[in-house]
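Note that the structure is predicted; figures quoted are calculated from it, not measured.
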Amino acid sequence: MYHHITLFRLKPGVTLDRARAARENLSRLVETLPGVVQFTVTDNVAELNQGFTLVLFSMFESEQAHQICHRHPEYRRVGSELRQPVT
């Protein structure tokens with residue numbers, strides 16, 4: 001297994017509904033992308049979070065699966081259309 005962690009800051013004025021929609025769409029990618037075992041988005045509860053309020057825990061079958069996922073058109077679409085506007 002290959003694990004990857006990404007930290008996010010919500011942009012000012014982003015509604016909770018919009019953040020939830022981005023999270024749900026990212027989570028659905030697990031069902032469609034090869035080699036992805038898990039995407040989990042949760043609150044960053046670290047005391048010294050430096051403004052990073054969300055964390056994405058990703059698990060892949062291998063490092064190669066991780067690289068393929070990040071180049072996959074659907075992953076890029078979700079990132080540009082749904083994630084980037086809120087983080």
List the steps, then state whether side-chain hydrogen bond (donor to acceptor under 3.5 Å, both in side chains) holds for Ser62 with Gln64.
CA-CA 5 Å; Ser62 65; Gln64 182 181 11; 5.0 Å; no
How long is the span from the CD atom in Glu63 to the NE2 atom in His4, to the nearest 0.5 Å?
10.0 Å
Aromatic contact, His3 with Phe57 (centres under 6.0 Å):
no
Can you tell me how far the CZ atom of Arg23 sits from the CZ atom of Arg18, to the nearest 0.5 Å?
15.5 Å
Closer than 3.5 angstrom, by distance alone: can the side chain of Asn49 be matched with the main-chain N or O of Gly51 as a donor-acceptor pair?
yes
Donor-acceptor contact present, side-chain Asn25 to main-chain Val78, <3.5 Å
no
Evaluate the side-chain proximity of His66 to Glu61: yes if any heavy-atom separation is below 4.5 Å, no if none is.
no
Side chains of Thr40 and Leu56: does their closest heavy-atom pair fall under 4.5 Å?
no
Distance (rounded to the nearest 0.5 Å) between Asp43 CG and Phe52 CZ:
15.0 Å
Regarding Glu74 and Arg77, does a basic nitrogen lie under 4.0 Å from an acidic carboxylate oxygen?
yes
Treating Arg9 as the side-chain partner and Gln50 as the backbone partner, does any N or O pair qualify as donor plus acceptor under 3.5 Å?
yes
What about Tyr2 and Leu29, same hydrophobic cluster or not, with Ile/Leu/Val/Met/Phe/Trp/Tyr joined at side-chain heavy-atom distances under 4.5 Å?
yes
The reported gap from NE2 in His70 to OG in Ser58 (rounded to nearest 0.5 angstrom) is 6.0 Å
Validation row: Met1, Val37 side chains within 4.5 angstrom (heavy atoms)
yes
Residues Val55, Ile5; criterion side-chain contact (heavy atoms from CB on, under 4.5 Å); working and verdict:
CA-CA 7 Å; Val55 61; Ile5 297 172; 3.5 Å; yes
Test side-chain contact (heavy atoms from CB on, under 4.5 Å) on Tyr75 and Val36 and set out the steps.
CA-CA 11 Å; Tyr75 180 85; Val36 178; over 6 Å; no
Parallel, tilted or perpendicular: ring planes of Phe39 versus Phe60, cut at 30 and 60 degrees
perpendicular
In sequence, state the C-alpha distance, the side-chain angles, and the governing distance for Thr53 and Leu10, and then conclude on side-chain contact (heavy atoms from CB on, under 4.5 Å).
CA-CA 7 Å; Thr53 55; Leu10 287 178; 4.0 Å; yes
Begin from the C-alpha positions of Leu54 and Leu7 and carry the test side-chain contact (heavy atoms from CB on, under 4.5 Å) through to its verdict.
CA-CA 6 Å; Leu54 297 174; Leu7 298 171; over 6 Å; no
